[in-house]
2 protein chains.
Amino acid sequence: MNTDVPSPRRAPTLEHVARVAGVSRATVSRVINGVRNVDPEIADVVQRAIAATGYVPNRAARALVTRRTFAVALVVSAPDDVAFEDPFLGRAFADPFFGRVASGALAELADRDLHMILMRVNDEPARAELLGHLRHGDIDGVLSIPVAGTDPLPRMLTEARVPVVLFGRPADTLAISYVDATQDAGAAMAADHLVGRGCQRVATICGPADTPAGADRLTGFRTAMARHGHAYVPAVEGNFTHDGGESAMLALLRHDPDLDGLFVANDLMAQGAMLVLRDAGRRVPEDIAVVGFDDSVVALSTRPKLTTVRQPVEEMAAAMVRLLLTHIEDRARPVASVIFEPTLVIRDSA
Amino acid sequence: MNTDVPSPRRAPTLEHVARVAGVSRATVSRVINGVRNVDPEIADVVQRAIAATGYVPNRAARALVTRRTFAVALVVSAPDDVAFEDPFLGRAFADPFFGRVASGALAELADRDLHMILMRVNDEPARAELLGHLRHGDIDGVLSIPVAGTDPLPRMLTEARVPVVLFGRPADTLAISYVDATQDAGAAMAADHLVGRGCQRVATICGPADTPAGADRLTGFRTAMARHGHAYVPAVEGNFTHDGGESAMLALLRHDPDLDGLFVANDLMAQGAMLVLRDAGRRVPEDIAVVGFDDSVVALSTRPKLTTVRQPVEEMAAAMVRLLLTHIEDRARPVASVIFEPTLVIRDSA
DNA sequence: GTGAAAGCGCTAACAT
DNA sequence: ATGTTAGCGCTTTCAC
């Protein structure tokens, strides 16, 4: 192995490695990409040359020929009428939920040397641009976190036949891959727990009816309550924000002042609701037991600490990555979904 | 203009556009990159051809020759001993603060068609990899959010002479560009406000001494209090988390039970502190006035709502992007910093 | 099993 | 002012 090749000031290329190893570029390329047809002896020399030169493949060059960029987009998408300055969406990145998704996906991507490009799309030009990137091969696929049920992006992505995985089932019936948790089962756990501790007058603050998560949690909760003999459960819809939780709680209290159990469709709203309950002189859990959903960081910052249904968001995000990769590697692969089971985390509020 | 060129099933290339427009690739390239030497007439024909074909430049090809990828990394970095599962860092992405930075930077980048790659680096391999990407030209530059003062990354980036901008001034004296707010001035506003409303026994929950923000806010606060005749201000250090705020408040109360004013170095800790105060039977602001720092979303979810020093985080992040671009465009450009002024947002806690 | 050679789509000299 | 040409660094037939 020829060791006195001058080290270039630019990053070493395949060519350099090849010269150092005394072989051709093609062989080095084969070694790097793990193609079988390589003599172990030669492979070894090449490996040493790679180490000696500190060679790292150039992504752009590789992307140009393979038509894969080894980058996926994590997109937070919303319909046109939802501005990211809205309380609902302004939260998008600030929301602990988003942080967990990003975190889980990142861990899985980093292991594979894939880059994660963060994008926010909430208007037609942005959607067109995203599609352009995909079609053009600037991005290999997309992990999408839809924040509203009316978002047109999932359908566009599906029709463009582009690798995509959604967080949560799509609002419309769509042939699209997604990762979700059994929202209804989670809500049922909340119901069982509330009933189990003896609550008789139970209500719920549910999520927006046009979001699958909102709808499923409400249905699951009502079904389980019915099973326990509570045919009717008062529900007020909130928008998944802290303030939304406050207003919903106010409305609920006005209507049913003697509640002794409450299921809130996410922790942020539960936090708001608990503030209102305290202002109203209700003790939690003595007067009214409260169960949230998500197990986000805010569940630990309520007083008392929030009992809540935990979604394994990080693992779900990791699963999204794995699923997306199968689609990227085989464009013909049929859509699939991966469903996780939530768990009840019992703390002090119920 | 030749319009009957068959549309390729692959994304159109410069070549296609050139054929449609009846000119050479070079000319099309020139109009796309806004090089002057183009006949307005021809430029117009080319523009139409671009529109007709739906042409979008291929990033990989462009990156290969220009040695610019038009992508910057937003890195959340920490020293080796800080695991991202720590309460301190687990927050990283979940922290509303991070969300604001990402949001502000993204807006500025999107306007320029630059991609934002999210990275988390908290060990040596990750640091080496990041440096490799930079040196290799896989990434044009980095926006760094250091979460602890002892982080070695800023120095490494500086020494590698790579385009980088920090959020907040570096912990060490380093020739590095950064964007910051006048932390001491912000803390002084809190002091003035507390003294202005008549507080006599004032303490502070400060941030980690090894973070510039923590240190500056403490110094600024003490200096301003001294100016008002309060030579000594009790301080307990917290770690910028909700729980940290709780423990610090507990310690403070044990030591100085009769406080009537409190400055907390960030909103998250203020939230925790207020919970402890309530448990201790202290009314805010009647018994003790509380001022936070940041004006993050949690400032609106405390009871009473938190009076706090606002940092214009989104604008600061946008400034980081602009500063970074100057470094990317001119590698020899001397380091610079941009400093913003915080403002006091008066709500109900003080 | 290995090398030679062609190109991926683009920009930037260099000619004209 | 425009076209021609030579690569950027890599993968991938296709010969051998």
Side-chain angles (χ1 to χ4, degrees), chain A residues 1 8-47 49-50 53-70 113 132-133 135-138 140 329, chain B residues 1 8-47 49-50 53-70 113 132-133 135-138 140 329:
Chain A
M1 158 165 147
R9 52 176 289 283
R10 289 232 270 225
T13 70
L14 257 198
E15 183 64 39
H16 297 121
V17 179
R19 276 209 295 271
V20 171
V23 296
S24 73
R25 289 209 311 270
T27 300
V28 180
S29 176
R30 287 186 187 105
V31 171
I32 286 168
N33 296 294
V35 178
R36 317 168 284 292
N37 301 339
V38 270
D39 183 304
E41 297 254 317
I42 301 225
D44 200 62
V45 175
V46 171
Q47 289 292 8
I50 290 172
T53 51
Y55 171 77
V56 180
N58 178 308
R59 300 186 133 236
R62 183 177 268 184
L64 189 55
V65 37
T66 60
R67 296 174 177 289
R68 279 199 50 184
T69 53
F70 304 93
D113 231 319
H133 281 312
R135 200 157 11 219
H136 207 284
D138 292 337
D140 292 339
E329 271 145 31
Chain B
M1 155 166 148
R9 52 176 288 284
R10 288 232 272 227
T13 70
L14 258 198
E15 183 65 41
H16 299 300
V17 179
R19 275 209 296 271
V20 171
V23 298
S24 74
R25 284 205 318 264
T27 301
V28 179
S29 176
R30 286 186 188 104
V31 341
I32 284 168
N33 296 295
V35 178
R36 321 167 280 294
N37 301 339
V38 271
D39 183 302
E41 297 253 319
I42 302 228
D44 200 63
V45 175
V46 171
Q47 289 292 8
I50 290 172
T53 52
Y55 171 77
V56 181
N58 178 308
R59 298 187 134 234
R62 183 178 270 183
L64 189 54
V65 38
T66 59
R67 295 173 176 290
R68 278 199 52 184
T69 53
F70 304 93
D113 231 321
H133 281 313
R135 201 158 10 219
H136 207 283
D138 292 337
D140 292 339
E329 270 145 31

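Note on naming: letters A, B, ... go to the chains in the order of the sequence lines (proteins, then strands), and numbering restarts at 1 for each one.
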A.B. asks: Which nucleotide in the list C:dG3, D:dT11, D:dG3 gets nearest to the side chain of B:S24?
C.D. replies: D:dG3
A.B. asks: For the pair made of CD1 in B:I42 and C1' in D:dA1, what is the distance, rounded to whole Å?
C.D. replies: 8 Å
A.B. asks: What is the distance, rounded to the nearest whole Å, between atom CZ of A:R25 and atom P of D:dG9?
C.D. replies: 10 Å
A.B. asks: Checking the side chain of A:T66 only, and the main-chain atoms of A:R62 only, is there a donor and an acceptor separated by less than 3.5 Å?
C.D. replies: yes
A.B. asks: Using whole Å, what does the distance between atom P of nucleotide D:dG9 and atom CZ of B:R62 come to?
C.D. replies: 18 Å
A.B. asks: Quick one: closest heavy-atom pair of A:V31 and A:A43, and the distance?
C.D. replies: CG2-CA, 4.0 Å
A.B. asks: To the nearest Å, give me how far apart CG (B:N33) and C1' (C:dT11) are.
C.D. replies: 8 Å
A.B. asks: Specify the separation, in whole Å, of atom CD1 of B:I32 and atom P of C:dG9.
C.D. replies: 14 Å
A.B. asks: Of the listed nucleotides (D:dT11, D:dG9, C:dC10), which one gets closest to any side-chain atom of B:Y55?
C.D. replies: C:dC10
A.B. asks: On DNA chain C, compare the nucleotides closest to B:A26 and B:L64; which residue's is nearer the 5' end?
C.D. replies: B:L64
A.B. asks: Answer with base, sugar-phosphate or nothing: what part of the nucleic acid does B:T66 contact at a heavy-atom distance below 4.0 Å?
C.D. replies: sugar-phosphate
A.B. asks: Tell me whether the side-chain N/O atoms of B:S29 come closer than 4.0 Å to OP1 or OP2 in C:dC10.
C.D. replies: no
A.B. asks: Take the protein atom CG of B:L14 and the nucleotide atom P of D:dT4, then report the distance between them rounded to whole Å.
C.D. replies: 15 Å
A.B. asks: Donor-acceptor check, side chain of B:H16 to backbone of B:T53, threshold 3.5 angstrom: yes or no?
C.D. replies: no
A.B. asks: Closest-nucleotide mapping onto DNA chain D: is B:A43 or B:V65 further toward the 5' terminus? I mean the 5' end.
C.D. replies: B:A43
A.B. asks: If only side-chain N and O atoms of B:T27 are considered, is one of them under 4.0 Å from the OP1 or OP2 phosphate oxygen of D:dG3?
C.D. replies: yes
A.B. asks: For the side chain of B:P57, counting heavy atoms from C-beta on, which of C:dC10, D:dG3, C:dC8 is nearest?
C.D. replies: C:dC10
A.B. asks: Report which part of the nucleic acid A:R30 touches: base, sugar-phosphate, or nothing (heavy-atom distance under 4.0 Å, all strands).
C.D. replies: base
A.B. asks: To the nearest angstrom, how far is A:D39 atom CG from C:dG3 atom C1'?
C.D. replies: 15 Å
A.B. asks: Heavy atoms only: give me the nearest A:L14-A:Y55 pair and the separation to one decimal.
C.D. replies: N-CE1, 3.5 Å
A.B. asks: Give a yes or no answer on whether the side chain of A:N33 reaches the backbone of A:V35 with a donor-acceptor pair at less than 3.5 Å.
C.D. replies: no
A.B. asks: In whole angstroms, how far is the P atom of D:dG9 from the CZ atom of B:R59?
C.D. replies: 20 Å
